[in-house]
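The structure under discussion appears below in the form of structure tokens.
Index from 1, following the sequence.
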Amino acid sequence: MSATRYRRFLKLCEEWPRDEGKKAGDLGTFLRQRVASAFREGENTQISDPEKCDQMYESLARINSNYYRQRFPRVKDTSFTGVTVEECKLLLSGNLHQMDEEKKGLWKKLSERFSKSPEDVPEKAPEK
């Protein structure tokens, strides 16, 4: 029976998309690592809690099949901040330098303005 579970998890890992743009890895990479560590002996691995294993598989399969996205459709593909899906992916990928200068947030602009050393700021002429 553990051989069937192992094959099901392998199939799930094959179907799960990877996001190569993320530096630290993504959920697909993490899932592959966890399956490899949980099934060290492959099909011969003895599972201590088969019910928990099956429940975990079913939960991951529902996420992978977009079950919850279809069951609870969103009105808009933005968050409360107004950030689009593409902008959110860009932020999460760690490639912040790709953002255009005009799309910088207020926090970024302020931190750049106040992080300059005193030598960078031109001196004002003394008032008379």
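- A distance of 6.5 Å separates CE in Met56 from CZ in Phe9, rounded to the nearest 0.5 Å.
- For Tyr57 and Arg5, the side-chain atoms include no donor-acceptor pair closer than 3.5 Å.
- Taking CZ of Arg32 as the start and CG of Leu10 as the end, the distance is 10.5 Å to the nearest 0.5 Å.
- In terms of heavy atoms, Phe39 sits closest to Cys53 at CZ-SG, 4.3 Å.
- Counting heavy atoms from C-beta outward, Tyr6 and Asn44 have side chains that stay 4.5 Å or more apart.
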For this session: Might you work through the side chain to side chain contact (heavy atoms under 4.5 Å, CB included) test for Leu31 and Cys13, ending with a clear yes or no?
Result: CA-CA 7 Å; Leu31 177 64; Cys13 286; 4.2 Å; yes
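- Closest of all the heavy-atom pairs between Asn64 and Pro17 is OD1-CD, 3.8 Å.
- In this structure, the side chain of Ser2 does not engage the main chain of Ile47 through any donor-acceptor pair within 3.5 Å.
- A salt bridge links Glu58 with Arg8: at least one charged nitrogen is closer than 4.0 Å to a carboxylate oxygen.
- The two residues Arg40 and Ser37 make their nearest non-hydrogen contact at CG-O, 3.2 Å.
- In this structure, Arg62 places its CZ atom where more than 12 heavy-atom neighbours from other residues, nucleotides or ligands lie under 6.0 Å away.
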